[in-house]
There are 2 protein chains.
Amino acid sequence: MRSTPGTEAFPAHTPAAAQIFTTVLSHGPLTRSDMAGRAGLSAAAVTKAVRPLMEAGYLVEDAGDEARPSLGRPANPVRVDGGRALFIGVKITGNEIIAVLTDLCCRIRVARHVPLDDREPKAVLASVAALAQELLAEADGFGVRVQGLGVAVSGDVDRAAGEVRFSPFLEWRDLPLAELMEMTTGLPVTVDNDVRALTVAEQWFGAGVGLSDFAVVTVGAGIGCGLVVHGKVVSGAYGVAGEIGHVVIDPTGPPCHCGNRGCAEAIAADPAIVAAVREATRLPVADAAQAVDLARRGDPGAREVYARAGEAIGRAIATVANLMGPQRVIISGEGLAAYDLFAEQIRDAFTASAFGTAAQCDLLTRPLPFDEWARGAAATAIQSFISGPTRGQG
Amino acid sequence: MRSTPGTEAFPAHTPAAAQIFTTVLSHGPLTRSDMAGRAGLSAAAVTKAVRPLMEAGYLVEDAGDEARPSLGRPANPVRVDGGRALFIGVKITGNEIIAVLTDLCCRIRVARHVPLDDREPKAVLASVAALAQELLAEADGFGVRVQGLGVAVSGDVDRAAGEVRFSPFLEWRDLPLAELMEMTTGLPVTVDNDVRALTVAEQWFGAGVGLSDFAVVTVGAGIGCGLVVHGKVVSGAYGVAGEIGHVVIDPTGPPCHCGNRGCAEAIAADPAIVAAVREATRLPVADAAQAVDLARRGDPGAREVYARAGEAIGRAIATVANLMGPQRVIISGEGLAAYDLFAEQIRDAFTASAFGTAAQCDLLTRPLPFDEWARGAAATAIQSFISGPTRGQG
DNA sequence: TCCGTTCTTTTCCGCCGTCAATAAAAGAAG
DNA sequence: CTTCTTTTATTGACGGCGGAAAAGAACGGA
């Protein structure tokens with residue numbers, strides 16, 4: 001394996017140690033007996049796994065204790081020291097690069113974004129590298145080293161190989177992005193699909209913590225879906241998974257860029273909504289914000305468009321629930337800004353279309369700040385750091 | 001754990017041993033070095049795992065060798081001795097009980113079926129018990145003990161708990177079927193959903209061998225789907241998964257018993273096809289066989305119905321492929337008798353609706369003899385036998 | 001001060017799988 | 001016919017991980 005100067009290896013020498021660390025990472029301060037219970041290990045094993053992690057400074061005793069049950073030896077909760085390591089997450093969209101500096105607990109310390117006009121790999125790589133350098137300089141201010149870089153790109157990405165197989169928005173094909181970025185930054189790089197990266201963030205640091213089966217649905221420029229089944233993110237045998245955007249909702253609906261008609265994305269994604277509102281109102285609506293505005297001010301045509309969109313999203317989510325029976329679906333994305341306009345329709349359509357006990361699946365909405373995508377990328381870098389780099393061993 | 005007299009424990013004392021055994025079970029005769037490669041273990045570990053299994057007679061050296069590479073010590077392939085143990089699989093439908101006696105390799109030795117008119121649990125249990133006794137008597141003829149009983153029921157089944165939570169066709173609710181059957185038969189009993197059982201059979205003994213992600217789609221009285229993701233069968237957090245039959249294909253389509261319109265099942269399941277053919281032709285078509293007959297003889301109305309059904313199935317399969325990106329979809333079920341009538345439409349609709357590389361997923365059809373469902377139940381029993389009973393430890 | 005309780009660590013032990021060396025079973029070479 | 005080469009399988013030593021049980025530690029209460 002290539003030696004990356006300046007980065008250190010995470011001292012989890014056994015799978016159990018990594019498991020315990022991630023348990024503490026996700027579930028906040030935990031006593032050792034809690035860890036043993038959650039991880040299904042003996043208390044002795046916990047002690048042995050925790051020691052090297054504390055010695056290395058990744059775990060610390062949590063002084064801020066309260067509400068102890070007043071009997072017996074007081075418990076000694078342990079938490080992750082987020083400040084022990086930093087990570088950079090980068091999301092590359094078709095017209096913008098968003099980068100964040102996060103700590104080990106995936107809390108954002110610094111966020112930056114720059115516009116992107118040239119989509120050639122070379123130019124993009126240079127922009128990303130420059131942004132990474134800026135954040136590395138910021139990291140110096142914290143006196144802590146950056147241990148990894150995560151990059152999120154939409155499209156078909158092979159995380160294990162570190163390659164972008166095909167990215168429609170960027171028009172990239174078979175680009176060994178991880179290797180290239182490692183050359184320019186000197187950091188271990190993890191590349192993943194953007195929706196999957198967001199799903200990883202939810203799984204470790206968000207509303208998916210502790211769940212073995214859940215889905216993340218993103219509504220915005222497109223409609224995407226990340227799936228976790230049996231505790232692991234689904235990648236699909238051929239790189240495609242969670243394409244909820246192309247579930248056909250209405251075969252007589254508007255045409256979709258995929259070649260079919262009435263896909264969820266062709267009804268409920270931002271461009272589709274804007275187009276439909278424009279057609280319904282005959283007004284020169286330019287973007288989603290104007291469409292939302294119009295609907296909020298009570299325009300019946302616009303409201304109807306949002307109602308339809310909500311129904312489409314609800315039906316698409318129900319399809320996911322019927323097929324894989326998740327415990328929870330987390331709805332997120334920029335499109336959530338319009339949530340008040342279609343929340344009811346989403347729930348109604350979901351309830352109507354969910355079959356049997358699949359309807360018990362709970363729907364959760366989660367606001368998506370603009371830097372959340374980049375945070376997802378950082379989460380993948382954290383994941384790689386903890387589980388050890390698995391790529392590039394050939 | 002309850003001691004089940006007459007049955008013995010499988011001598012796989014370590015997870016690695018069980019893994020190696022199932023590898024040999026699924027991949028036919030293998031040399032020890034092959035096993036090591038496939039299981040990701042060292043040759044030494046294989047030797048140690050194989051020995052007790054051979055001593056117990058579950059593995060035997062495969063004398064029938066051929067085509068050796070003529071250099072070095074000849075390899076010594078090992079295979080599972082199917083005749084070492086027998087299993088009973090039972091499928092309970094709304095009007096029939098099908099039971100098979102299989103060997104350890106899930107090859108059917110004897111098959112029986114009896115009609116079922118009383119759906120009360122008591123009566124059904126009595127019928128199943130009688131059938132099991134018959135097969136146990138047959139097993140005596142082979143001089144080999146029956147080591148387990150698998151029962152497959154449609155609906156919401158909790159395999160771990162051994163309970164039928166809800167079976168619409170049988171009108172059962174919260175029935176501790178495994179426990180009851182263990183009392184009457186004295187065998188370890190595994191209860192599972194019928195489609196999942198079929199999926200297990202494909203995963204271990206069929207077209208799903210060696211695949212970590214695939215789907216089984218059944219077409220017949222209903223439309224079902226079993227999913228394997230990350231090498232494990234998906235059960236759904238609330239017991240529901242793979243409900244492909246209620247993917248909405250056409251919101252203006254015929255009403256479905258689930259309350260929606262245009263579900264795949266309301267278009268392409270046997271009853272829906274019969275009803276549609278009857279309406280299209282104004283002929284008193286009684287069952288699927290007559291409908292197929294009519295279509296094969298060229299009736300345009302009937303052919304159109306099948307074409308629509310094929311399109312619905314293809315779209316439903318594409319939905320699964322888009323969401324979880326399986327390597328393969330295995331199409332099966334009684335409805336496959338009409339395969340020549342809609343094969344083309346299934347493939348065309350799948351190709352049109354599959355997104356990107358998800359279309360690389362290969363579609364495979366597989367005839368489904370009447371006793372295949374029961375064989376699936378036997379496969380679950382074999383699985384439980386090998387991995388050790390996990391139920392009833394509370 | 002002693003005791004009971006609860007959390008944590010220590011010590012010992014068994015088990016499993018790998019490593020490296022060895023044995024085994026052929027055909028090929030001399 | 002012996003010896004070498006090649007590939008497969010087995011053996012035995014070793015190390016590491018995790019568990020059981022006992023000891024230790026930290027507290028409140030009697």
Side-chain angles (χ1 to χ4, degrees), chain A residues 9-24 27-55 59-79 386-388 393, chain B residues 9-24 27-55 59-79 386-388 393:
Chain A
F10 185 71
H13 302 107
T14 128
Q19 188 199 357
I20 283 182
F21 185 79
T22 61
T23 304
V24 179
H27 293 88
L30 284 180
T31 70
R32 288 165 170 81
S33 31
D34 272 347
M35 297 180 216
R38 287 188 196 261
L41 292 170
S42 69
V46 171
T47 293
K48 279 181 272 195
V50 164
R51 194 188 342 263
L53 293 170
M54 293 200 65
E55 279 169 2
L59 291 179
V60 291
E61 307 230 309
D62 192 49
D65 35 345
E66 71 295 325
R68 54 177 49 160
S70 83
L71 192 59
R73 171 178 172 173
N76 213 348
V78 167
R79 65 174 171 81
I386 291 171
S387 6
Q393 290 171 356
Chain B
F10 186 69
H13 302 106
T14 129
Q19 188 198 359
I20 284 182
F21 185 78
T22 61
T23 305
V24 179
H27 294 87
L30 285 180
T31 70
R32 287 166 170 80
S33 30
D34 272 347
M35 296 180 218
R38 287 187 195 262
L41 293 170
S42 70
V46 172
T47 294
K48 278 181 268 198
V50 163
R51 196 189 339 265
L53 293 171
M54 293 200 64
E55 279 170 1
L59 293 178
V60 291
E61 307 229 308
D62 193 48
D65 36 345
E66 72 293 327
R68 52 176 52 156
S70 82
L71 192 59
R73 172 177 172 173
N76 213 347
V78 166
R79 63 174 172 81
I386 292 172
S387 2
Q393 288 170 356

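So you know, we letter chains A, B, ... as the sequences are listed, proteins then strands, and number each from 1. FYI, side chains are in, hydrogens and waters are out, and symmetry mates aren't considered; it's all heavy atoms of this structure.
To the nearest 0.5 Å, the span separating OG1 on B/Thr31 from CG on B/Asp62 amounts to 11.5 Å. Atoms CZ and CG, on B/Phe21 and B/Leu53 in that order, are 6.5 Å from each other to the nearest 0.5 Å.
Rounded to whole angstrom, the span from the CE atom of A/Met35 across to the P atom of C/dC7 amounts to 13 Å. Here the C1' atom of nucleotide C/dA25 and the CG atom of B/Leu71 are 12 Å apart, to the nearest Å. The distance from atom CG of B/Asp62 to atom C1' of D/dA9 is 17 Å, rounded to the nearest whole Å. Summarising the geometry, the separation between CG on B/Leu53 and C1' on D/dA9 is reported as 17 Å, rounded to the nearest angstrom. For the pair B/Leu30 CG and D/dA9 C1', the interatomic distance rounds to 15 Å; values are reported in whole Å. One can place CZ of B/Arg32 at 13 Å from C1' of C/dA24, the figure rounded to the nearest angstrom. Counting to the nearest Å, the P atom of D/dT10 and the CG atom of B/Leu41 are 15 Å from each other. Rounding to whole angstrom units, CG of residue B/Asn76 and P of D/dT10 are separated by 8 Å.
Of the two residues near DNA chain D, B/Ala43 and A/Gly40, the one whose nearest nucleotide lies more 5' is B/Ala43. Looking at which nucleotide of DNA chain C each of A/Asp34 and A/Gly72 is closest to, the 5′-most match is held by A/Gly72.
The side chain to side chain contact (heavy atoms under 4.5 Å, CB included) with A/Val46 is formed by just one residue from the set A/Arg51, A/Arg38, A/Met35; it is A/Met35.
When distances run from any side-chain atom of A/Ala16 to the nucleotides D/dG18, D/dT10, C/dC7, the shortest one goes to D/dG18. Candidate nucleotides C/dT18, C/dT11, D/dT8 were compared by shortest atom distance to the side chain of A/Lys48, and C/dT11 ranks first. For A/Pro74, taking side-chain heavy atoms from C-beta onward, the closest of the listed nucleotides D/dT10, D/dC27, D/dG18 is D/dC27. The side chain of B/Ala44 sits closest to C/dT18 out of D/dA9, C/dT18, D/dG19.
Contact annotation: A/Arg73 side-chain N/O to D/dA23 OP1/OP2 distance is not under 4.0 Å. Residue B/Ser33 places at least one side-chain N or O closer than 4.0 Å to OP1 or OP2 of D/dA9. Look at A/Thr14 and you'll find a side-chain N or O under 4.0 angstrom from OP1 or OP2 of D/dG18.
In this structure, A/Ile20 and A/Leu41 have side chains that are in contact, with non-hydrogen atoms separated by less than 4.5 Å. Within the 4.5 Å cutoff, the side chain of B/Leu59 has no heavy atoms near those of the B/Arg79 side chain.
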